[in-house]
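What follows is a single structure, written as structure tokens, with notes after it.
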Amino acid sequence: MGGRALEADQLLIRVAGGDQKAFEDLYGLVSGPVYGLVRRVVRDPAQSEEVAQEVLLELWRSAARFDPGRGSALSWVLTLAHRRAVDRVRSARAAGEREQREARRGHGPAFDQVAEEVEAGLEREWVRRCLDRLTALQRQSVTLAYYDGYTYREVAERLRLPLGTVKTRMRDGLTRLRDCLGGAA
């Protein structure tokens with residue numbers, strides 16, 4: 001690779017002077033190694049092509065910074081490529097981490113869900129207040145039937161009252177509840 005390295009050095013010096021033909025020749029000489037290095041770091045072929053193009057564009061813009069006393073043009077170009085590839089990987093990783101944080105943050109309850117929970121809590125409180133306005137027998141009958149799931153007959157047996165009395169108390173209690181809750185709407 002000694003001949004290629006020497007040729008790259010000479011071409012890069014000419015590119016620094018704005019020689020477009022020298023850049024075309026340098027491009028042909030280094031584009032394969034640049035892509036290969038970037039591909040090993042980035043792994044994704046499309047991303048690798050993009051990074052390699054960025055490196056070669058940077059090469060045209062910054063050729064004047066090349067110092068032949070510090071190393072060969074090929075190693076300088078490959079250093080640019082490696083840095084750019086690592087930057088791309090870090091950037092992609094950071095973007096992925098940001099997306100994950102946002103996704104985790106987005107798993108909280110949605111606004112509508114919170115509003116519904118608040119509203120349900122207010123409704124439960126209103127029902128409790130309305131139940132407190134019933135007589136003890138009405139409240140007991142309605143609670144056993146609607147909250148505990150007992151039938152009219154089972155409520156009557158539990159309260160040791162005639163079935164007709166329980167039905168009347170429940171009808172009166174439900175009427176009072178409806179009137180009370182109608183004010184909540």
Side-chain angles (χ1 to χ4, degrees), residues 31-59 61-62 77-185:
S31 62
V34 165
Y35 177 76
L37 174 68
V38 170
R39 180 81 164 86
R40 283 192 300 279
V41 175
V42 175
R43 300 189 188 252
D44 178 70
Q47 293 271 335
S48 297
E49 287 176 18
E50 193 174 304
V51 171
Q53 287 300 317
E54 290 171 7
V55 168
L56 294 166
L57 183 59
E58 183 179 349
L59 180 61
R61 291 180 184 155
S62 63
V77 171
L78 292 177
T79 300
L80 290 177
H82 185 261
R83 286 180 185 158
R84 185 64 65 109
V86 168
D87 286 348
R88 177 63 62 100
V89 170
R90 286 180 181 156
S91 176
R93 186 173 297 140
E97 290 170 1
R98 275 192 306 275
E99 288 174 7
Q100 287 177 348
R101 280 193 305 273
E102 285 300 316
R104 283 192 300 269
R105 201 176 299 154
H107 278 98
F111 174 78
D112 291 340
Q113 182 180 353
V114 171
E116 287 178 24
E117 288 176 16
V118 168
E119 190 174 321
L122 291 172
E123 287 174 358
R124 282 191 297 273
E125 181 59 31
W126 193 264
V127 168
R128 274 190 219 108
R129 286 182 186 166
C130 289
L131 279 171
D132 288 344
R133 294 181 181 173
L134 302 179
T135 66
L137 186 56
Q138 288 172 337
R139 185 174 41 256
Q140 227 176 355
S141 299
V142 169
T143 301
L144 287 171
Y146 287 91
Y147 288 104
D148 296 335
Y150 291 108
T151 64
Y152 286 122
R153 184 172 307 286
E154 291 169 333
V155 170
E157 290 171 6
R158 287 188 64 91
L159 297 178
R160 296 189 179 110
L161 293 170
L163 180 60
T165 302
V166 167
K167 284 183 177 182
T168 300
R169 297 298 182 262
M170 283 186 58
R171 185 192 70 231
D172 293 346
L174 290 173
T175 301
R176 288 181 70 185
L177 268 178
R178 183 194 68 217
D179 292 345
C180 179
L181 291 173

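Using a 4.5 Å heavy-atom cutoff, the side chains of L144 and L159 are in contact. Side chains of Y150 and S141 form no contact here, defined as non-hydrogen atoms less than 4.5 Å apart. Taking the side chain as every heavy atom from C-beta outward, R101 and E97 approach each other to under 4.5 Å. For the pair S48/R43, no side-chain contact is recorded, criterion being any heavy-atom separation below 4.5 Å from C-beta on. Here the side chains of R83 and T79 are in contact, with some heavy-atom distance below 4.5 Å.
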Exercise for the section: Dump the intermediate steps for side-chain contact (heavy atoms from CB on, under 4.5 Å) on E58 and E54, then the final yes or no. Expected result: CA-CA 6 Å; E58 183 179 349; E54 290 171 7; over 6 Å; no
Handout entry: Verdict with supporting geometry, K167 and L163, side-chain contact (heavy atoms from CB on, under 4.5 Å)
Key = CA-CA 6 Å; K167 284 183 177 182; L163 180 60; 3.9 Å; yes
Exercise for the section: Dump the intermediate steps for side-chain contact (heavy atoms from CB on, under 4.5 Å) on R176 and T135, then the final yes or no. Expected result: CA-CA 10 Å; R176 288 181 70 185; T135 66; 3.9 Å; yes
Exercise for the section: Start with the C-alpha gap between L137 and L161, add the side-chain angles, then the distance that decides, and say whether side-chain contact (heavy atoms from CB on, under 4.5 Å) holds. Expected result: CA-CA 10 Å; L137 186 56; L161 293 170; 3.3 Å; yes
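Here the closest non-hydrogen pair linking V89 and V42 is CG2-CA, 3.9 Å. Q138 and G173 make their closest contact through NE2-N, 3.7 Å (heavy atoms, listed as atom of the first residue, atom of the second, distance). Summarising the geometry of L181 relative to W126, their closest heavy-atom pair is CD2-CD1, 3.0 Å, with the distance given to 0.1 Å. Residues A81 and V55 come closest through the heavy atom pair CA-CG2, 3.6 Å. Between L56 and S31, the closest heavy-atom pair is CD1-CB, 3.9 Å. Here the closest heavy-atom approach between residue V127 and residue Y147 is recorded as CG1-OH, 3.2 Å.
Residues forming a side chain to side chain contact (heavy atoms under 4.5 Å, CB included) with R128 (at least two apart in sequence, or on another chain): R124, E125.
A donor-acceptor pair under 3.5 Å is absent between the side-chain atoms of S91 and the main chain of D87, judged by distance alone.
Rounded to the nearest 0.5 Å, atoms CZ (R169) and CD (Q140) are 12.0 Å apart. Separation of atoms CG (L57) and CZ (R84) is listed at 8.5 Å; rounding is to 0.5 Å. Note that CZ of R39 and CD of E49 are 9.0 Å apart. Values are rounded to the nearest 0.5 Å. Atoms OG1 and CG, from T143 and L131 in turn, are 5.5 Å apart once rounded to the nearest 0.5 Å. For the atom pair M170 CE and Y146 OH, the distance stands at 5.0 Å (nearest 0.5 Å). Here the straight-line distance linking atom CD of E154 with atom CG of D148 works out to 10.5 Å at 0.5 Å rounding.
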